[in-house]
Structures are given as C-alpha cells and as structure tokens.
S.K.: 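Pasting a structure here, questions to come.
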Amino acid sequence: MSDLEKTPADATRAMVRAERVHKSYGLVEVLKGIDLEVKQGEVFVLVGPSGSGKSTFLRCINHLEKINAGRLYVDGDLVGYRQKGEKLYELKDSEVARQRRDIGMVFQHFNLFPHMTALENVIEAPVQVKGETKAAAKERGMALLERVGLAAKAGNYPSQLSGGQQQRVAIARALAMQPKLMLFDEPTSALDPELVGEVLDVMRGLAEEGMTMVVVTHEMGFAREVGDALVFMDGGVVVESGDPREVLSNPQHERTKLFLSKVL
C-alpha cells in the first residue's frame with residue numbers, strides 16, 4: 001500500500017469514500033486511481049463498458065478484492081486496513097469479516113445455497129454469523145421475504161424459483177444482516193427481460209426507504225429514475241460523473257457519448 005497521508009477529517013461524512021484507488025492483477029492495472037464519494041442515503045450508479053473496472057471496484061469496497069494503492073473508507077472506517085502512525089497494517093480475516101457484516105452484496109448470479117429453502121437461505125448468516133436465535137431470525141426472515149414479495153415461496157428451494165425470484169431472495173438474504181450499505185453487481189443482467197422489473201421494483205423500494213446503494217448496472221432507465229449520482233467508468237478511470245439525468249441526456253465526454261449511443 002502507498003499514499004500514507006493521514007485520514008481526512010471529512011471521511012466520516014460519506015458512506016463510501018475512495019481516494020486514488022488502484023487495483024492490479026499481475027501486470028494488468030484494472031483500477032487506475034479512482035476518486036469518488038457516496039453520500040449516506042444515496043443511490044450511486046456505476047455504468048460503463050465490460051472490463052472498465054466497475055465490478056472490481058465494487059468488490060474492493062467490501063474487501064473481496066484487496067486494493068494495491070490508495071484508500072477506501074466505509075462510514076469513516078478504512079476498509080481492510082488499520083493505520084498506526086504513518087503505516088497501514090492489514091486487518092485479520094476475522095476483523096475484515098466483522099467489517100463486511102455491515103455491507104450487503106447482491107451478485108449477478110444469485111449465489112443461493114441450492115440445498116436450502118428460500119427462508120433458510122435468508123436466516124443462515126444472522127444465525128451463524130451474528131448468533132441470532134433461529135426463532136428471531138425466522139420471524140425477521142419472513143418479514144423480509146414479505147418485503148420482496150416472496151412470503152409464499154419461503155419453503156421453496158432455489159431450483160423451484162425463477163431467476164427473478166432467486167435474485168429477490170438474494171436481496172432479502174443481504175438485508176437480513178441489517179447492513180448500512182448495499183452493493184449490487186449487475187443484479188439483473190442474468191435475468192430474462194420480463195423478470196428484470198420485479199428486481200428493480202425491490203431496489204426502488206429500498207431507495208425510497210433511504211438505503212445507501214452502490215449499483216453497477218446497464219439499466220439506464222433505473223439509473224435515470226432512481227439514481228442520485230452516476231459515474232461513467234472506462235479503462236479503470238472515472239471518465240464523467242454527475243446527476244444521472246444530466247449525464248445520460250447531455251454527456252460531455254466523447255467516450256461517454258459513444259457508450260450511451262449504443263445502450264440508450
């Protein structure tokens with residue numbers, strides 16, 4: 001890790017703050033100095049072509065990927081590291097896991113346990129990780145399935161659910177840990193077109209409730225309607241950012257214009 005300047009006083013004002021974040025795989029530099037800030041309660045949308053670094057950045061936020069340089073803060077806390085004097089020390093796995101509890105993540109491919117019912121998938125982490133009683137976890141789990149419109153499917157296994165239903169269970173599972181931040185990595189891209197709407201509706205509901213969300217998506221209608229801020233990434237850098245409606249309707253950068261001409 002480099003860039004060992006002191007923690008900025010205003011890091012605590014944002015839910016996510018990235019400062020000159022770099023990430024490489026061998027000789028391939030995927031993130032080339034990302035600076036951005038996600039405010040509490042904001043729906044922050046990341047768009048861009050495949051390979052631009054969006055999903056990698058998302059995975060860095062909860063330390064599924066380790067950054068090579070720069071700083072990442074979540075709710076004022078340095079992600080994955082502890083600073084002592086001018087040096088950074090990597091956190092133990094148990095400390096990283098503790099940080100990760102507060103960050104819900106929904107993946108492109110659901111990642112549900114196939115041998116567990118919808119309800120069992122939802123209550124697994126609260127019981128195993130947080131030590132909640134099964135009764136309390138079940139009660140809240142049913143409320144969460146109700147919230148995503150799937151209370152009637154609580155006893156169904158993933159193979160008995162549509163892709164859209166599986167993704168809604170995955171959202172309920174992430175919410176079961178009562179996170180302060182939700183990350184969505186192209187949550188609708190693996191779905192049939194007619195199932196996309198039911199997942200976006202759940203995400204709209206979360207936004208209305210004030211959940212802080214960072215969303216990697218190709219759903220420009222959702223970005224325009226629900227997003228509070230939008231960043232267009234390409235080649236591992238932030239090319240353009242601003243209000244989603246302004247960027248999507250009046251992009252300033254030629255690269256942004258070219259990308260949007262193909263997806264809008």
Side-chain angles (χ1 to χ4, degrees), residues 23 25 30-31 43-62 64-65 100 103-122 124-125 141 144-145 147-177 179 181-207 211-227 230-234 244 248 259-260 262-264:
K23 172 65 184 176
Y25 298 101
V30 180
L31 301 177
V43 179
F44 193 96
V45 183
L46 294 172
V47 302
S50 297
S52 59
K54 310 179 303 296
S55 293
T56 297
F57 177 69
L58 205 67
R59 293 169 69 84
C60 289
I61 293 175
N62 65 356
L64 286 174
E65 300 285 355
R100 209 175 277 147
I103 305 171
M105 186 154 185
V106 177
F107 299 89
Q108 185 175 342
H109 293 291
F110 326 140
N111 292 0
L112 297 177
F113 296 116
H115 62 289
M116 293 184 180
T117 64
L119 180 59
E120 287 168 344
N121 266 282
V122 171
E124 176 72 4
L144 286 168
L145 287 174
R147 185 175 175 183
V148 299
L150 289 174
K153 302 288 187 180
N156 288 46
Y157 290 91
S159 62
Q160 299 170 315
L161 302 173
S162 70
Q165 290 170 335
Q166 289 184 61
Q167 193 61 294
R168 284 186 280 156
V169 172
I171 294 172
R173 179 180 60 180
L175 292 172
M177 292 294 282
L181 169 67
M182 285 283 285
L183 309 177
F184 292 86
D185 189 7
E186 300 193 28
T188 60
S189 62
L191 301 178
D192 292 332
E194 66 268 22
L195 301 177
V196 168
E198 61 191 51
V199 173
L200 294 181
D201 283 345
V202 172
M203 294 170 66
R204 284 188 190 92
L206 290 176
M211 173 64 74
T212 309
M213 300 158 63
V214 183
V215 185
V216 172
T217 186
H218 293 294
E219 298 292 335
M220 298 302 160
F222 175 84
R224 181 184 281 110
E225 178 192 344
V226 183
L230 180 143
V231 157
F232 171 69
M233 287 178 64
D234 189 33
L248 294 175
F259 173 76
L260 292 177
K262 295 177 179 177
V263 299
L264 288 178

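We number each residue from 1, following the sequence as shown. What you see is a predicted model, and the numbers here were worked out from it, not measured in a lab.
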S.K.: Between Gly164 and Leu191, which heavy-atom pair has the shortest distance, and what is it?
M.R.: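 Here Gly164 and Leu191 meet closest at N-CD2, 3.6 Å.
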
S.K.: State whether Tyr25 and Lys23 meet the cation-pi test: NZ (Lys) or CZ (Arg) under 6.0 Å from the six-membered ring centroid, and within 45° of the perpendicular axis.
M.R.: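 Yes, a cation-pi geometry holds between Lys23 and Tyr25.
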
S.K.: Nearest heavy-atom pair of Pro179 and Ala174: which atoms, and what distance?
M.R.: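 Reported closest heavy-atom pair: CD-O, 3.4 Å.
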
S.K.: Tell me which one of Leu145, Leu150, Leu112 satisfies side chain to side chain contact (heavy atoms under 4.5 Å, CB included) with Val122.
M.R.: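 With Val122 as partner, side chain to side chain contact (heavy atoms under 4.5 Å, CB included) holds for just one option, Leu145.
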
S.K.: Under a 3.5 Å distance rule, please check whether Asn121 uses its side chain to pair with a backbone N or O of Phe113 as donor and acceptor.
M.R.: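 Yes, Asn121 side chain to Phe113 backbone: donor-acceptor pair under 3.5 Å.
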
S.K.: List the atom of Val216, the atom of Pro187, and the distance in Å for their closest heavy-atom pair.
M.R.: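 It is O-CD, 3.6 Å.
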
S.K.: What heavy-atom pair brings Ala125 and Met177 nearest, and what distance separates the two atoms?
M.R.: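 Looking at all heavy atoms of both residues, the closest pair is CB-SD, 3.6 Å.
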
S.K.: With Asn62, which residues qualify under side-chain hydrogen bond (donor to acceptor under 3.5 Å, both in side chains), at least two apart?
M.R.: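 Asn62 satisfies side-chain hydrogen bond (donor to acceptor under 3.5 Å, both in side chains) with no residue once adjacent residues are dropped.
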
S.K.: At what distance, to the nearest 0.5 angstrom, does OG1 of Thr117 lie from CG of Leu161?
M.R.: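 One finds 9.5 Å between OG1 of Thr117 and CG of Leu161.
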
S.K.: Would you say the side chain of Leu206 lies within less than 4.5 Å of the side chain of Arg147, judging by non-hydrogen atoms?
M.R.: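 They are in contact (side-chain heavy atoms under 4.5 Å apart), so the answer is yes.
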
S.K.: Atom NZ in Lys54, atom CZ in Arg59: separation rounded to 0.5 Å?
M.R.: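 Atom-to-atom, Lys54:NZ and Arg59:CZ are 14.0 Å apart.
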
S.K.: I need the Leu64 CG to Leu58 CG distance, nearest 0.5 Å.
M.R.: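 Here the interatomic distance stands at 9.0 Å.
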
S.K.: Is there a side-chain contact between Val47 and Val231, using heavy atoms and a 4.5 Å cut-off?
M.R.: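 SC-SC contact between Val47 and Val231 ruled out.
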
S.K.: Quick test of your reading: applying salt bridge (charged side-chain N to carboxylate O under 4.0 Å, His left out), list the pairs with at least one residue in residues 214-227, sequence neighbours left out, ordered by first then second residue.
M.R.: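 Applying salt bridge (charged side-chain N to carboxylate O under 4.0 Å, His left out) to every pair that reaches into residues 214-227, excluding sequence neighbours, yields Arg204-Glu225.
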
S.K.: Could you go through the side-chain contact (heavy atoms from CB on, under 4.5 Å) check for Thr188 and His218 one step at a time?
M.R.: CA-CA 9 Å; Thr188 60; His218 293 294; over 6 Å; no

S.K.: Where do Val45 and Ala223 come nearest, in terms of heavy atoms and distance?
M.R.: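 Heavy atoms of Val45 and Ala223 come nearest at CG1-CB, 3.8 Å.
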
S.K.: Can you confirm whether Leu144 sits close enough to Arg173 that some side-chain heavy atom of one is under 4.5 Å from a side-chain heavy atom of the other?
M.R.: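 A side-chain contact under 4.5 Å is absent here.
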
S.K.: For side-chain contact (heavy atoms from CB on, under 4.5 Å), just list the numbers for Gln167 and Val202, CA-CA rounded to whole Å, side-chain angles, deciding distance to a tenth of an Å, and then say yes or no.
M.R.: CA-CA 10 Å; Gln167 193 61 294; Val202 172; over 6 Å; no

S.K.: For residues 152-159, which side-chain N or O atoms pair as donor and acceptor with protein atoms under 3.5 Å away, sequence neighbours left out?
M.R.:
none

S.K.: Indicate yes or no: at least one non-hydrogen side-chain atom of Phe44 is less than 4.5 angstrom from one of Leu183.
M.R.: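 In short, these two side chains do not touch, never coming nearer than 4.5 Å.
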
S.K.: Among all residues two or more places apart in sequence or in another chain, which pass the side-chain hydrogen bond (donor to acceptor under 3.5 Å, both in side chains) test with Asn111?
M.R.: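 If we apply the side-chain hydrogen bond (donor to acceptor under 3.5 Å, both in side chains) test to Asn111, skipping adjacent residues, there are no hits.
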
S.K.: Taking all non-hydrogen atoms of both residues, which atom of Leu195 and which atom of Gly163 are closest, and how far apart?
M.R.: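 Looks like CD1-N, 4.1 Å.
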
S.K.: Checking Glu124 now: which residues fulfil side-chain hydrogen bond (donor to acceptor under 3.5 Å, both in side chains) with it, not counting sequence neighbours?
M.R.: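 Glu124 satisfies side-chain hydrogen bond (donor to acceptor under 3.5 Å, both in side chains) with no residue once adjacent residues are dropped.
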
S.K.: Stepwise, does the side-chain contact (heavy atoms from CB on, under 4.5 Å) test hold for Leu46 with Met233?
M.R.: CA-CA 7 Å; Leu46 294 172; Met233 287 178 64; 4.2 Å; yes

S.K.: Any chance you could lay out the side chain to side chain donor-acceptor pair (under 3.5 Å) test for Ser55 and Asp185, step after step, and finish with the verdict?
M.R.: CA-CA 6 Å; Ser55 293; Asp185 189 7; 2.6 Å; yes

S.K.: Mind checking ring pair (Phe, Tyr, Trp, His ring centres under 6.0 Å) for Phe232 and listing every partner two or more places apart, or none if nothing turns up?
M.R.: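 With neighbours one apart ignored, the set is Phe259.
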
S.K.: Could you tell me whether the side chain of Val215 reaches within less than 4.5 Å of the side chain of Met203, counting heavy atoms only?
M.R.: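 Met203 reaches Val215 side chain to side chain.
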
S.K.: As a quick check of understanding, evaluate side-chain contact (heavy atoms from CB on, under 4.5 Å) for Phe184 and Ile171, giving each step before the final call.
M.R.: CA-CA 9 Å; Phe184 292 86; Ile171 294 172; 4.0 Å; yes

S.K.: Donor-acceptor pair, distance only, cut-off 3.5 Å: does the side chain of Arg168 make one with the backbone of Val148?
M.R.: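 Answer holds: yes.
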
